[in-house]
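Here's the structure we're looking at; comments come further down.
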Amino acid sequence: MIRIAVIHGPNLNLLGIREPELYGGDDLDTINRRLQQLASEEQIELRITQSNSEGAILDAIHAAFGWADALIINPAAYTHTSIAIRDAIAAVRLPTVEAHLSNIYAREPFRRRSVIAPVVIGQVSGFGSESYLLALRAAKSVVERARR
Ligand code: DQA
């Protein structure tokens, strides 16, 4: 069994009504249900959290330490600013996949830099809600490779 913690950052609780032309029409519950569905097919146990506050995201990363084999995180706007989230990921040393619904490199200049990217295994950006499912497959393969 593989354990993966999924962390959704600020404003992602508003998916579905939030700028659907950028983020798609699926709400967070729908995305989480799809993640749970894929996880059960792949024998993965998930813990999913969403928070609008940086401190709670740090707590979720710390809580994953000792439980999770890998992390999937969409830090949302904190992607571009949060040294604290970057340091937390580096501290727990969990293999991490960074996920974004939109292609952050095709948007405003301030979104084109991720301060998180240097401490993750890789990034999935631009596939809408599918980014999370691709991130789950990527995280699983990273954990399996490390166990071999
Ligand atoms: C986002 C991209 C960020 O720039 C933005 O602040 C978000 C969502 C994405 O998933 O495309 O809130 O992380």
Side-chain angles (χ1 to χ4, degrees), residues 1-16 18 22-105 107 111-148:
M1 195 72 170
I2 292 173
R3 292 170 167 173
I4 296 179
V6 179
I7 301 172
H8 303 286
N11 298 309
L12 296 173
N13 55 311
L14 297 180
L15 287 177
R18 176 189 180 204
L22 284 173
Y23 301 118
D26 294 331
D27 64 15
L28 194 60
D29 284 346
T30 304
I31 291 171
N32 288 340
R33 266 200 306 277
R34 283 204 203 110
L35 274 169
Q36 289 288 6
Q37 172 67 38
L38 178 60
S40 66
E41 286 162 21
E42 301 285 338
Q43 272 90 54
I44 299 168
E45 192 181 340
L46 289 187
R47 273 187 196 168
I48 303 179
T49 53
Q50 187 277 328
S51 178
N52 293 316
S53 76
E54 192 177 22
I57 293 169
L58 298 178
D59 292 340
I61 295 167
H62 299 175
F65 179 67
W67 180 81
D69 300 302
L71 274 180
I72 294 170
I73 186 165
N74 182 350
Y78 290 133
T79 303
H80 318 294
T81 61
S82 180
I83 307 302
I85 291 175
R86 171 195 169 123
D87 286 353
I89 293 168
V92 299
R93 290 180 186 275
L94 285 169
T96 298
V97 180
E98 180 182 341
H100 299 283
L101 297 136
S102 63
N103 176 357
I104 59 172
Y105 301 100
R107 299 186 58 194
R111 291 187 207 275
R112 292 183 199 153
R113 189 173 77 119
S114 165
V115 300
I116 310 301
V119 296
V120 301
I121 299 274
Q123 196 187 61
V124 185
S125 179
F127 299 94
S129 56
E130 185 73 18
S131 289
Y132 284 104
L133 302 179
L134 294 167
L136 187 57
R137 292 188 194 281
K140 183 191 177 204
S141 92
V142 166
V143 173
E144 284 175 344
R145 227 182 303 140
R147 285 181 180 176
R148 260 183 238 136

Under a 4.5 Å cut-off applied to non-hydrogen side-chain atoms, are [X] and [Y] in contact?
| X | Y | answer |
| --- | --- | --- |
| Arg34 | Asp26 | yes |
| Leu101 | Leu12 | yes |
| Ile73 | Ile57 | yes |
| Gln123 | Ile104 | yes |
| Leu136 | Leu46 | yes |
| Asp69 | Arg147 | yes |

Straight-line distance of [X] [atom1] to [Y] [atom2], nearest 0.5 Å:
| X | Y | atom1 | atom2 | value |
| --- | --- | --- | --- | --- |
| Leu71 | Ile4 | CG | CD1 | 9.0 Å |
| Leu28 | Arg18 | CG | CZ | 11.0 Å |
| Ile72 | Ile7 | CD1 | CD1 | 10.0 Å |
| Tyr132 | Leu35 | OH | CG | 8.0 Å |
| Glu54 | Thr81 | CD | OG1 | 6.5 Å |
| Glu41 | Gln36 | CD | CD | 12.0 Å |

Item to check | Identified side chain to side chain contact (heavy atoms under 4.5 Å, CB included) counterpart of Ile61 within the set Thr49, Leu94, Ile89 | outcome: Ile89
Using atom types as modelled and distance alone, determine if a side-chain donor or acceptor of [X] lies under 3.5 Å from a backbone N or O of [Y].
| X | Y | value |
| --- | --- | --- |
| Ser125 | Ser102 | yes |
| Arg107 | Arg112 | no |
| Glu45 | Ile2 | no |
| Asn74 | His100 | no |
| Thr79 | Ala76 | yes |

Could you tell me which non-hydrogen atom of [X] sits nearest to which non-hydrogen atom of [Y], and how far apart they are?
| X | Y | answer |
| --- | --- | --- |
| Ala5 | Trp67 | N-CZ3, 4.0 Å |
| Asn52 | Pro10 | OD1-CA, 3.3 Å |
| Arg137 | Glu42 | NH1-OE2, 3.5 Å |
| Ala90 | Val119 | CB-CG1, 4.1 Å |
| Ile116 | Ser82 | CD1-O, 3.7 Å |

Checklist entry - For Tyr105, does the OH atom have more than 12 heavy-atom neighbours from other residues, nucleotides or ligands under 6.0 Å away? => result yes
Next on the checklist: Assess the residue pair Ser114 and Glu98 against the criterion (side-chain hydrogen bond (donor to acceptor under 3.5 Å, both in side chains)); give the C-alpha distance rounded to whole Å, side-chain angles, the decisive distance to 0.1 Å, and a yes or no.
Outcome noted: CA-CA 10 Å; Ser114 165; Glu98 180 182 341; 3.0 Å; yes
Checklist entry - Residues in side chain to side chain donor-acceptor pair (under 3.5 Å) with Ser141, at least two apart? => result none
